[in-house]
Amino acid sequence: MTTSQPTITTRCPRHNRWFDAASVIALALYAGAEASAHSFCVDTSAKLQQALTDASDGGAYVNEDNIVTIVFGTYHTGAATGGAPFFFHTTNSTHAMTIYGGFSAACSGERHVASETVLDGQSTTPVMILRSTKGNINVTHLTFANGESDGPGAGLQINYLVGVTAQVNVDHVVIHDNHTSVTAGGLYASGSGPPGMSAVYVSNVLVYENTADVDYGGIYMTGYGNTSNVLNSTITRNHSPAGNTVGGVYCGGSALCNIYDSIAWNNSNVGISLGNAGALVCDDYGTLGGTTPGYSSNNFSVAPAFVDAAGGDFHLAANSPLFALCAGGTGTTDLEDRNFPTSGREDMGAYEDTIFIAGFEE
């Protein structure tokens with residue numbers, strides 16, 4: 001099947017309106033949800049699961065947009081979830097579900113970065129499963145850790161076995177140390193986007209030390225419609241079996257797959273695999289698999305030089321060759337909520353650490 005290729009330039013993709021529509025929708029939801037949607041503030045595992053239940057089929061708020069705001073801290077699956085993952089499911093609602101971590105007490109005041117709000121499967125259950133056939137799903141400022149599963153997406157599973165017609169946005173998220181006996185150790189995400197909007201949009205994520213016993217150690221994403229996109233992310237030290245498997249990130253489905261300003265390094269076997277001819281721009285990866293990209297520019301295959309990969313610190317070290325390589329964006333924030341430069345150059349991956357070419361540090 002021949003698919004038309006959208007116009008792509010060597011500028012940072014955040015300048016291209018076709019690319020960032022999903023994030024624009026998500027940001028609008030984040031900004032306006034407290035005024036226009038039902039809002040939950042949760043500070044225990046039991047309250048988190050109850051909020052997801054109330055927004056699911058049969059729940060009191062299934063026919064509303066819902067935003068679940070989570071006070072920073074650690075939330076375990078187990079007794080509070082009935083020995084299952086945190087779970088949300090709706091088949092008919094066209095309303096959005098947004099799950100937003102990092103809030104201070106009473107969901108107000110100082111905000112906290114993704115690493116400070118942890119959903120933990122305790123190496124016993126998957127961490128979170130979200131399924132919405134018709135409503136958009138947005139997940140931000142959370143960590144998904146220590147999931148154990150016999151299904152895809154031990155850390156975060158979105159829309160598995162769902163005939164989805166809605167978008168998925170995952171940003172400012174850490175996914176680490178999850179394991180599945182099948183495929184997709186870290187993240188499984190499936191979405192659908194109308195013309196000009198992303199089907200699955202993954203940005204500013206750190207995905208590391210996830211394992212799949214069959215294939216796709218880090219990320220497996222499928223999009224239907226226009227495009228699926230990965231932006232400013234670090235995907236490293238994820239594991240899949242020896243052979244022609246994907247340790248890092250697989251992007252497939254009928255949507256064009258685009259990966260920008262991202263690091264996919266030191267994963268088992270294949271680091272990046274495209275299911276169709278999308279674009280790779282300003283990425284650093286080891287082995288490339290799948291379909292040859294329709295557009296490729298400013299890509300590298302060099303050791304990133306992380307500060308302490310073994311210890312889980314994936315900031316770029318002072319001697320990294322990946323500083324200030326990618327064209328500047330429009331001021332969105334990195335994984336730790338620091339602004340990217342609005343001009344000049346930005347760093348590759350999930351963290352922005354450089355002194356910009358203009359000579360000032362953000």
Side-chain angles (χ1 to χ4, degrees), residues 1-9 12-26 94 96 130-139 152-153 156-171 173 183-184 186-205 207 215-216 218-233 235 246 248-262 264 270-283 285 288-297 299:
M1 180 177 70
T2 302
T3 308
S4 60
Q5 175 74 22
T7 300
I8 302 172
T9 76
C12 175
R14 284 190 296 279
H15 288 150
N16 298 323
R17 297 178 69 88
W18 61 267
F19 182 89
D20 64 1
S23 63
V24 169
I25 289 173
T94 59
L130 307 173
R131 295 176 181 168
S132 179
T133 305
K134 301 176 181 178
N136 293 351
I137 292 178
N138 309 292
V139 179
L156 176 60
Q157 181 199 103
I158 303 178
N159 290 339
Y160 178 60
L161 297 179
V162 170
V164 63
T165 59
Q167 297 168 270
V168 169
N169 183 84
V170 178
D171 70 87
V173 159
T183 60
L187 169 66
Y188 176 100
S190 179
S192 179
M197 297 184 181
S198 298
V200 180
Y201 188 93
V202 174
S203 65
N204 306 108
V205 303
V207 180
D215 206 347
Y216 313 114
I219 297 175
Y220 182 100
M221 50 192 283
T222 56
Y224 303 94
N226 188 47
T227 62
S228 290
N229 304 287
V230 178
L231 173 68
N232 285 113
S233 295
I235 303 149
V246 180
V249 54
Y250 170 80
C251 178
S254 62
L256 290 170
C257 295
N258 305 306
I259 301 178
Y260 293 91
D261 302 8
S262 295
V270 174
I272 293 176
S273 179
L274 301 182
N276 53 52
L280 299 180
V281 178
C282 203
D283 300 313
Y285 51 84
L288 182 64
T291 302
T292 301
Y295 184 88
S296 180
S297 176
N299 295 306

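Quantities reported herein were computed from a predicted structural model and do not represent experimental measurements.
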Does the pair Tyr295 and Val281 meet the rule for a side chain to side chain contact (heavy atoms under 4.5 Å, CB included), with working shown?
CA-CA 8 Å; Tyr295 184 88; Val281 178; 3.8 Å; yes
For Tyr285, give me all partners under ring pair (Phe, Tyr, Trp, His ring centres under 6.0 Å), at least two apart in sequence or on another chain.
none
Please give me the minimum heavy-atom distance between Ser233 and Leu231, naming the atom from each residue.
OG-O, 2.9 Å
Can you name the closest pair of heavy atoms from Leu274 and Gly278 and give their distance?
CD1-N, 4.4 Å
Correct closest heavy-atom pair for Gly191 and Ala199 would be O-CB, 3.5 Å
pair Leu288-Leu280: side-chain heavy atoms closer than 4.5 Å:
yes
For Tyr224, what residues pass the ring pair (Phe, Tyr, Trp, His ring centres under 6.0 Å) criterion, not counting sequence neighbours?
none
Heavy-atom check, side chain of Leu130 versus side chain of Val139, under 4.5 Å
yes
Ignoring hydrogens and geometry, is there a side-chain-to-backbone donor-acceptor pair from Ser192 to Thr165 under 3.5 Å?
no
Do you know the tightest heavy-atom contact between Pro152 and Gln157?
O-NE2, 2.8 Å
For a quick check under 3.5 Å, do Asp171 and Asn169 share a side-chain donor-acceptor pair by atom type?
yes
Going by side chain to side chain donor-acceptor pair (under 3.5 Å), name the residues that satisfy it together with Thr222, two or more places apart in sequence or in a different chain.
Ser190
Quick one, Asn229 and Val200 - any side-chain contact, counting heavy atoms below 4.5 Å?
no
Set of side chain to side chain donor-acceptor pair (under 3.5 Å) partners for Thr94, sequence neighbours left out
none
Check for a donor-acceptor pair, side chain of Gln167 on one end and backbone N or O of Ser198 on the other, with a separation under 3.5 Å.
yes
Between Leu187 and Val202, is any pair of side-chain heavy atoms under 4.5 Å apart?
yes
For the side chain to side chain contact (heavy atoms under 4.5 Å, CB included) test, which of Ile259, Val230, Val246 pairs with Ile272?
Ile259
Starting at OH of Tyr160, measure out to OG1 of Thr183 and round the result to the nearest 0.5 Å.
6.5 Å
Check side chain to side chain contact (heavy atoms under 4.5 Å, CB included) between Asn204 and all other residues, then give those that pass, not counting sequence neighbours.
His172, Asn232, Phe340
Taking all atoms of both residues into account, what is the closest heavy-atom pair of Thr291 and Gly275, and its distance?
OG1-O, 3.5 Å
Shortest non-hydrogen contact from Asn159 to Arg131?
OD1-CA, 3.4 Å
Can you list everything that forms a side chain to side chain contact (heavy atoms under 4.5 Å, CB included) with Thr133? Sequence neighbours excluded, please.
Thr91, Val162
With sequence neighbours excluded, tell me which residues meet side chain to side chain contact (heavy atoms under 4.5 Å, CB included) with Asn276.
Leu256, Cys257
Keeping Asn136 on the side-chain end and Ala166 on the backbone end, is there a donor-acceptor pair under 3.5 Å?
no
Parallel, tilted or perpendicular: ring planes of Tyr220 versus Tyr188, cut at 30 and 60 degrees
parallel
Could you grab the distance from atom CG of Asp283 to atom OG of Ser262, nearest 0.5 Å is fine?
5.5 Å
Hey, what do you get for OH (Tyr216) to CE (Met221), rounding to the nearest 0.5 Å?
13.5 Å
